J.: 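The structure's right below; bear with me while I get my questions together.
Throughout, a chain's letter reflects where its sequence line sits, starting with A, and its residues are numbered from 1. Bear in mind the structure is a predicted one, so any value in this text is a computation, not a measurement.
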Protein chains: 2
Amino acid sequence: MRSHRLSRRPVYLQLRDALAERIAKGQSKPGIAIPNESDLAREFGVSSGTMRKALDLLESERLVTRRQGRGTFVNDQTSKELALRFDNVRAAGGQRIVGKISSAEMTEGAASQTECRHLQLQPRDHVYRIRHVLLHDDQPYMVKEASVPAALFPGLTEAQSASYRIVALAQQFGILLGKATENVSIEMASEAVAKTLGIATASAILVLDRVIYALDERPVEWRIGRCHPANRYYLAETT
Amino acid sequence: MRSHRLSRRPVYLQLRDALAERIAKGQSKPGIAIPNESDLAREFGVSSGTMRKALDLLESERLVTRRQGRGTFVNDQTSKELALRFDNVRAAGGQRIVGKISSAEMTEGAASQTECRHLQLQPRDHVYRIRHVLLHDDQPYMVKEASVPAALFPGLTEAQSASYRIVALAQQFGILLGKATENVSIEMASEAVAKTLGIATASAILVLDRVIYALDERPVEWRIGRCHPANRYYLAETT
DNA sequence: AAGTGGTCTAGACCACTCA
DNA sequence: GAGTGGTCTAGACCACTTG
């Protein structure tokens, strides 16, 4: 069984894929323990050392959490800890800013040239676009325009997008999120943005241009956030 | 032997420490291969699996590179690839900016309050301060003020600091660098900074406030870079 | 062909959690 | 005390690089 060396992909990577697929498909549910190492090893016909290597990989990818004496649990990607992982703007005190959505609108359309570039799409592919204004302490602090490939979120509805949180949507649609790259630059606020943020036109604002990728490297979301920088900063970690 | 379970620290971590110390002390030199897995395992009296775990750790910490069929080599931390790892400002085209030093001055003194906070020092501890202007395409692009704990760089000379590169100094003084955190914010250029960068006073500039830590979590360098943002952006990666 | 790291096995024992 | 993950062993065999 198990492809008898026909595929050269190491067994522990195949095991990772199989377990990741269970999680993506919702067969293993957030917060619930999966079978222990030796049971899984027996189920897949491998040694426990190999299964452990696969589970370690899953943990490094934030899909599961292992706790000695307890078990291995599927992570809830919408938990505070994991959901805010891509939001790196901090208030002056250092605490993360959690923006509340004050308005949202969704449209669908063919991908623009920049969307094709950022999301690795063809011009004929469709995207959903969500535009948001985020509040912090009841003040508008970010104007956000996000695009996602329509193919990844089939049947995404206006209702879902109104409370748009990419981590929640990804979990719902069985997409496992990996890393993100973010370009931080300075821009002069356009009239429209300045008005929304309640600042003077041509004020310097922070522009956060981000692409989130799935674990399999497919781009999942491109968003540009325009953010009034007063008492705020972007926190990056280089490892 | 080897502390007979008196210490609870797992063996593979102790092995990592021992090998890391050899590298820090210069007993294992950059570019040179270290003994193979089974020789090392024999030398330390452990199984090869345990030694492999230690070597994998060293590789994840960027201290060595392993290549199948070749061997395990100590990394040169001043190589282009590793040295620029903490420099995240990019030109509009996406390429890394390598700044040339146009002027440098070094002073020594007791740590200020902010230096104590960033570098986890006591008020009586000393720091070396290096002030730089960096050029890109022969234009001044960053004013940089760096502070390092004097205790980590005993006898640092003016001559060494003139070509200040933290990765080179760290390797020279046996300090293994780990991660860095960087705060990116917007500031209005002071008169002095504006003059140096050749821009108008009160122009919006990027402020890059960064602390680099050693692998053992000790802060090694705090620096503030003030950078004219025209055609430049900060690139962050979130994993 | 010899030598290296990479994968995999089939266990043993330890440390931790919880009923 | 039963069950979990964490550490460790002593190998075997595979894949890759180099003389």
J.: Given D/dA15, is OP1 or OP2 found less than 4.0 Å from the side-chain N or O atoms of A/Arg8?
T.: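 A/Arg8 to D/dA15 OP1/OP2: side-chain N or O found under 4.0 Å.
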
J.: Whole angstrom is fine here: how far is it from CD in A/Gln68 over to P in D/dG5?
T.: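 Rounded to the whole Å, the gap is 10 Å.
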
J.: Look only at the side chain of A/Asp39 and the backbone of A/Asn36, and say whether a donor-acceptor pair between them is shorter than 3.5 Å.
T.: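 Checked: no pair found.
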
J.: Given C/dC8, D/dC8, D/dG11, which nucleotide is nearest the side-chain atoms of B/Pro10?
T.: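 Comparing C/dC8, D/dC8, D/dG11 against the side chain of B/Pro10, the answer is D/dC8.
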
J.: Looking at A/Phe73, I'd like to know if the NZ or CZ of A/Arg67 sits under 6.0 Å from its six-membered ring centre while staying within 45 degrees of the ring's axis.
T.: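 Output yes; distance and angle both within limits.
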
J.: Would you classify A/Ser38 as touching base, sugar-phosphate or nothing, given that sugar-phosphate means primed atoms plus P, OP1 and OP2, and contacts are heavy atoms under 4.0 Å?
T.: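 No contact.
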
J.: Does B/Tyr164 offer a backbone N or O that forms a donor-acceptor pair with the side chain of B/Ser161 under 3.5 Å?
T.: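 It does not hold such a pair.
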
J.: Output the rounded distance in Å from CZ (B/Arg67) to P (D/dT17).
T.: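 So the two atoms are 10 Å apart, to the nearest Å.
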
J.: Measure CZ/A/Arg9 against P/D/dC14 and give the value in whole Å, please.
T.: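 To the nearest whole Å, that distance equals 21 Å.
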
J.: Is a side-chain donor-acceptor pair under 3.5 Å present for A/Thr238 with B/Asn88?
T.: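 Judged by distance alone, the side chains do pair up.
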
J.: Tell me whether the OP1 or OP2 atom of C/dG5 has a side-chain N or O from B/Arg52 closer than 4.0 Å.
T.: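 For C/dG5, neither OP1 nor OP2 has a side-chain N or O of B/Arg52 closer than 4.0 Å.
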
J.: Please tell me if A/Arg70 has a side-chain N or O lying less than 4.0 Å from either OP1 or OP2 of C/dC18.
T.: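 True: A/Arg70 side-chain N/O within range (under 4.0 Å) of C/dC18 OP1/OP2.
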
J.: Once you round it to whole Å, what is the distance between C1' of C/dC14 and CD of A/Glu37?
T.: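 Rounded to whole Å, this separation is 14 Å.
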
J.: Relative to the 5' end of DNA chain C, which residue comes earlier, B/Ile34 or A/Met51, by the nucleotide with the nearest heavy atom?
T.: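 Of the two residues, B/Ile34 wins.
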
J.: Measure the distance from OH on B/Tyr12 to C1' on C/dA15 and round it to the nearest whole Å.
T.: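 About 13 Å, once rounded to whole Å.
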
J.: Hey, does the side chain of B/Ser48 come within less than 4.0 Å of D/dA10's phosphate (OP1/OP2), counting only N and O?
T.: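 For D/dA10, neither OP1 nor OP2 has a side-chain N or O of B/Ser48 closer than 4.0 Å.
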
J.: Tell me the interatomic distance from A/Gln14, atom CD, to C/dG6, atom C1', rounded to whole angstroms.
T.: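 Roughly 15 Å, once rounded to whole Å.
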
J.: At under 4.0 Å, does any side-chain N or O of A/Lys53 touch on OP1 or OP2 of C/dT7?
T.: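 True: A/Lys53 side-chain N/O within range (under 4.0 Å) of C/dT7 OP1/OP2.
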
J.: Can you check the B/Leu13 CG to C/dA15 P distance for me, whole Å?
T.: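 It works out to 15 Å between those atoms.
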
J.: For C/dT4, does either OP1 or OP2 sit under 4.0 Å from a side-chain N or O belonging to B/Arg66?
T.: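 Result: no.
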
J.: Please identify which of these residues, A/Lys80, A/Arg96, A/Arg210, meets the salt bridge (charged side-chain N to carboxylate O under 4.0 Å, His left out) condition with A/Asp87.
T.: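 Result for salt bridge (charged side-chain N to carboxylate O under 4.0 Å, His left out) with A/Asp87: A/Arg210.
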
J.: Rounding to an integer number of Å, can you tell me how far B/Phe73 CZ sits from D/dT17 P?
T.: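 That distance rounds to 12 Å.
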
J.: So does B/Thr50 get a side-chain nitrogen or oxygen closer than 4.0 Å to the phosphate oxygens (OP1/OP2) of D/dC8?
T.: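 Result: no.
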
